[in-house]
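Below you'll find the structure, written out as structure tokens, and then a few comments.
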Amino acid sequence: MLRIIVAGTATVLCLTGCAHTGLRGHAGQYERTFQDEVGVWGNANEVTLLRGSEVSKLSILGDANRVTIENGATIRKLEIAGRDNVVEYPDGERFEYNYLGIHNRLIRKPVPTPPPLSPIEDIPAEPPPPPVETGDPHS
């Protein structure tokens, strides 16, 4: 029992003290390109890591937060302490995952396929020039 408490306390301390960019609050909405370490502290926040984000560690401390990782954004490590948090990430994205809590979900999103190309239409040719009269101009 003591081991669990010590491990849980160490995890929470690391989550609260290790992020360079801290998003604190409740029911906040954040959508931007992030770099380095990111921490989400509070409940019911919505966070979107835009294409071009390069996050070494994403830490979530709280309940009912929703994080979306867009195609072209990467994270290397995900830590969650809380419950009912949801993280959506693109298919093919690989990262280390540690958690403390229940009902946290990781949802893998399929990479969207581009729409099919429309068929190539024939471009109509220009109409031929009018015929040139070849008669004798002196007649």
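For this chain, numbers begin at 1 and follow the sequence in order.
- In summary, the side chains of E79 and S59 do present a donor paired with an acceptor at a separation below 3.5 Å, with no hydrogens or angles considered.
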**Message:** Let's go through L78 and V87 carefully: what are the C-alpha distance in whole Å and the side-chain angles of both, what is the deciding distance for side-chain contact (heavy atoms from CB on, under 4.5 Å) to 0.1 Å, and is it a yes or a no?
**Reply:** CA-CA 9 Å; L78 172 63; V87 177; 4.1 Å; yes

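- Annotation: side chain of L49 is in contact with side chain of V67 (closest heavy-atom distance under 4.5 Å).
- Salt-bridge annotation for D63 and R83: absent, with no side-chain N of the basic residue lying under 4.0 Å from a carboxylate O of the acidic one.
- Every residue two or more places apart in sequence or in another chain was checked for a side chain to side chain donor-acceptor pair (under 3.5 Å) with E126, and none qualifies.
- Closest approach of S56 to R76, counting heavy atoms only: CB-NH2, 3.0 Å.
- The hydrophobic cluster containing V38 also contains L106, counting ILVMFWY residues as joined when their side-chain heavy atoms lie under 4.5 angstrom apart, directly or transitively.
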**Prompt:** Between Y89 and T68, is a side-chain contact (heavy atoms from CB on, under 4.5 Å) present by the stated rule, with each step listed?
**Reply:** CA-CA 6 Å; Y89 64 97; T68 302; over 6 Å; no

**Prompt:** Stepwise, does the side-chain contact (heavy atoms from CB on, under 4.5 Å) test hold for L23 with V47?
**Reply:** CA-CA 9 Å; L23 307 174; V47 179; 4.1 Å; yes

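- Closest of all the heavy-atom pairs between Y30 and R24 is OH-O, 3.5 Å.
- Under the 4.5 Å side-chain heavy-atom criterion for ILVMFWY residues, no single connected hydrophobic cluster contains both V86 and I60.
- At a threshold of 4.0 Å, the pair E88-R66 counts as salt-bridged, since one of the basic side-chain nitrogens sits closer than that to a carboxylate oxygen.
- For F95 and Y97, the gap between ring centers reaches or exceeds 6.0 Å.
- In plain terms, the two heavy atoms of E93 and I75 that are nearest each other are OE2-N, 3.0 Å.
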**Message:** Let's go through L50 and T48 carefully: what are the C-alpha distance in whole Å and the side-chain angles of both, what is the deciding distance for side-chain contact (heavy atoms from CB on, under 4.5 Å) to 0.1 Å, and is it a yes or a no?
**Reply:** CA-CA 6 Å; L50 297 175; T48 301; 4.0 Å; yes

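- One finds the CD1 atom of I80 at 4.5 Å from the CG atom of N104 (value rounded to the nearest 0.5 Å).
- Closest non-hydrogen pair, T33 versus S53, comes out as CA-OG, 3.3 Å.
- Residue R51 places its CZ atom among 12 or fewer non-hydrogen atoms of other residues, nucleotides or ligands, all under 6.0 Å distant.
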